[in-house]
Amino acid sequence: MRALINLKLTMESGQPPEFLWNKDGERYWRELGDGSCCYLWQRDEELLYQGCTESYVREFLRLDDNLEEIYAVISAEDEVMTRAIERFRGLRITKNDPWETLVAFICSINNNIPRIRRNVQCLLSGGCVLPPEQLAAADLTRAKLGFRESYLKATAERVANMDFEALGKLNYTEAKQELMKLQGVGEKVADCVLLFGFGYLEAFPVDVWIARAMRAYYGIDKIKEMRRFARERWHPYEGYAQQYLYMLVREEKP
DNA sequence: ATCCAGGTGTGGG
DNA sequence: CCCACACATGGA
């Protein structure tokens, strides 16, 4: 399959695949719910896959997003975003399972990427995150989640008793409000779940790196104003802008 | 030893 | 609304 994408950038950019997928040489892989294995790799502009359908790949990597159009919108009158796009051309936002995304980003709280991955890997069974009911009942000591364990337990309990997937039918603001009722879900985690789990491209997660970027590149230092600025400048693709900004600021460390 | 990591909950001005 | 602080864990 042919598409504008840089698979390595996409799979290793702090998105859920970084915590949920494995790498074997050039090939990325993970187990699916039915116990089968999905492989993804790229060679000479060609995107290759095995063990899963093309439509699965298209949805997971959001290949139907028109990157050129998105680039045009978010780089307009914006030198910083223009530079980020030149540097990270082909980086895409991924569409992951909402529950797995929620678990991963609760684990991400005040944590670093290598350890988030280790934490999440301890919560897997058959390659997938334990479903809410099982996670709520499981002994998580071995995962060494620290203070996040109680958040995860409470949230698993709550999600087990609600229609979690139905949040994806609400509009962005309503869905975010509902998510933030869960333990361990503040604005940042909610936005990550909405962006990477439910596919709301208007979500703009502000973590320490994005805050640093907004200060250094745009002279903004209040979090609330960062979100307002992002919406004004990059709507409806705040999520893409955020991912390119995140990669840029981590590389440049301004 | 001290600081930091894709923050949140809580308490106080 | 804003800010300070605690919160486990482990690597630098």
Side-chain angles (χ1 to χ4, degrees), chain A residues 9-21 84 88 91-98 100-123 129 139-159 176-217 220-230 234 238-254:
Chain A
L9 271 182
T10 301
M11 300 297 281
E12 302 178 32
S13 54
Q15 296 185 52
E18 180 123 22
F19 316 127
L20 295 165
W21 286 65
F88 303 109
L91 167 63
R92 284 181 182 269
I93 295 292
T94 57
K95 167 68 177 72
N96 305 269
D97 176 77
E100 293 191 328
T101 304
L102 174 56
V103 170
F105 281 98
I106 284 178
C107 291
S108 82
I109 299 171
N110 196 222
N111 205 351
N112 56 65
I113 289 181
R115 208 168 79 91
I116 297 167
R117 181 181 165 84
R118 290 205 306 274
N119 289 153
V120 172
Q121 290 288 315
C122 286
L123 304 175
V129 172
D139 174 18
L140 304 182
T141 314
R142 197 178 66 86
K144 302 227 175 250
L145 297 173
F147 65 88
R148 305 165 196 83
E149 181 176 328
S150 58
Y151 294 166
L152 195 54
K153 281 285 193 179
T155 287
E157 184 78 40
R158 179 74 189 99
V159 171
K176 183 168 176 178
Q177 204 165 2
E178 289 305 308
L179 276 173
M180 288 177 62
K181 292 177 180 173
L182 302 170
Q183 283 293 306
V185 182
E187 289 215 54
K188 192 274 177 180
V189 170
D191 275 326
C192 283
V193 174
L194 289 169
L195 178 58
F196 303 119
F198 286 103
Y200 292 80
L201 293 184
E202 65 200 289
F204 186 76
V206 179
D207 66 356
V208 290
W209 292 99
I210 293 299
R212 182 188 298 195
M214 296 298 272
R215 270 194 298 275
Y217 299 137
I220 303 171
D221 39 36
K222 282 182 294 223
I223 308 278
K224 268 199 81 116
E225 191 170 339
M226 293 175 189
R227 294 195 189 92
R228 191 175 57 74
F229 178 92
W234 298 311
E238 295 95 313
Y240 269 97
Q242 178 271 164
Q243 197 60 32
Y244 279 78
L245 210 47
Y246 176 79
M247 295 297 280
L248 187 68
V249 71
R250 284 186 65 119
E251 185 171 276
E252 296 186 347
K253 299 188 196 305

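Residue numbers start from 1 in every chain, and the chains themselves are labelled A, B, ... in the order their sequence lines are given, proteins ahead of strands.
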Subject >> Set of ring pair (Phe, Tyr, Trp, His ring centres under 6.0 Å) partners for A/Phe105, sequence neighbours left out >> reply: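 By the ring pair (Phe, Tyr, Trp, His ring centres under 6.0 Å) rule, A/Phe105 matches A/Phe196.
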
Original post:
Taking only residues two or more places apart in sequence, or in another chain, which ones meet A/Tyr200 in a ring pair (Phe, Tyr, Trp, His ring centres under 6.0 Å)?
Top reply: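 A/Tyr200 satisfies ring pair (Phe, Tyr, Trp, His ring centres under 6.0 Å) with no other residue.
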
Original post:
Can you list the stems that DNA chain C is part of, where a stem is at least 3 pairs in a row, each Watson-Crick or G-U, with both distances below 3.5 Å?
Top reply: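 Counting only runs of 3 or more consecutive pairs, the stems involving DNA chain C are B:2-5 with C:9-12, B:7-13 with C:1-7.
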
Going by heavy atoms in the side chains, are [X] and [Y] under 4.5 Å from each other?
| X | Y | value |
| --- | --- | --- |
| A/Val129 | A/Leu20 | yes |
| A/Leu182 | A/Leu102 | yes |
| A/Asn119 | A/Leu123 | no |
| A/Thr101 | A/Cys192 | no |
| A/Phe147 | A/Ile109 | yes |

Could you tell me the separation between the [atom1] atom of [X] and the [atom2] atom of [N], rounded to a whole number of Å?
| X | N | atom1 | atom2 | value |
| --- | --- | --- | --- | --- |
| A/Trp209 | B/dA5 | CH2 | P | 6 Å |
| A/Arg117 | B/dA5 | CZ | C1' | 17 Å |
| A/Ile116 | B/dA5 | CD1 | P | 12 Å |
| A/Ile109 | B/dC4 | CD1 | C1' | 16 Å |
| A/Asn110 | B/dG9 | CG | C1' | 13 Å |
| A/Leu145 | B/dG7 | CG | C1' | 15 Å |
| A/Tyr246 | B/dA5 | OH | P | 10 Å |
| A/Leu152 | B/dG7 | CG | C1' | 15 Å |

Subject >> A/Glu238 versus A/Ala230, closest heavy-atom pair with distance >> reply: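 Heavy atoms only, the tightest pair is CG-O, 3.5 Å.
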
**OP:** Would you jot down, in residue-number order, the residues of residues 178-188 of chain A having a non-hydrogen atom under 4.0 Å from DNA chain B?
**Re:**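 By residue number: A/Leu182, A/Gln183, A/Gly184, A/Val185, A/Gly186, A/Glu187, A/Lys188.
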
For [X], side-chain hydrogen bond (donor to acceptor under 3.5 Å, both in side chains) partners two or more places apart:
| X | value |
| --- | --- |
| A/Glu18 | none |
| A/Gln15 | A/Ser13, A/Thr94 |
| A/Arg228 | A/Glu232 |
| A/Lys144 | none |

Listed pairs, N/O of protein and of nucleotides 11-13 of chain B, under 3.5 Å:
none

For [X], report the nucleic acid contact type (base, sugar-phosphate, nothing); a contact means any heavy atom under 4.0 Å.
| X | result |
| --- | --- |
| A/Thr155 | nothing |
| A/Arg118 | sugar-phosphate |
| A/Gln243 | base |

**OP:** Ignoring backbone atoms, test whether A/Arg250 places a side-chain nitrogen or oxygen under 4.0 Å from the OP1 or OP2 oxygen of B/dA5.
**Re:**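 No, no such contact exists.
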
**OP:** Please find the earliest and latest nucleotides of DNA chain C, in the 5' to 3' direction, that have an atom within less than 4.0 Å of any heavy atom of chain A.
**Re:**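 Taking any atom under 4.0 Å from a heavy atom of chain A, the span is C/dC2 to C/dG10.
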
Subject >> C/dG10 and B/dT8, which share atom name P, separated by this distance in whole Å >> reply: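 Between the two P atoms, the distance is 22 Å.
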
Original post:
If you measure from the P atom in B/dC3 to the same atom in C/dA4, how many Å do you get, rounded?
Top reply: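 Approximately 16 Å lies between the P atom of B/dC3 and that of C/dA4.
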
Taking distance alone, no hydrogens or angles, what donor-acceptor pairs closer than 3.5 Å link side-chain atoms of residues 201-217 of chain A to residues at least two apart or in another chain?
unit_1, atom_1, unit_2, atom_2, d
A/Asp207, OD1, A/Trp209, N, 3.0
A/Asp207, OD1, A/Ile210, N, 2.7
A/Tyr217, OH, A/Glu252, OE1, 2.5

**OP:** Output every pair passing salt bridge (charged side-chain N to carboxylate O under 4.0 Å, His left out) with a member in residues 176-187 of chain A, not counting sequence neighbours, ordered by first then second residue.
**Re:**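 Those involving residues 176-187 of chain A are A/Lys176-A/Glu187, A/Lys176-A/Asp191, A/Glu178-A/Lys181, A/Glu187-A/Arg227.
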
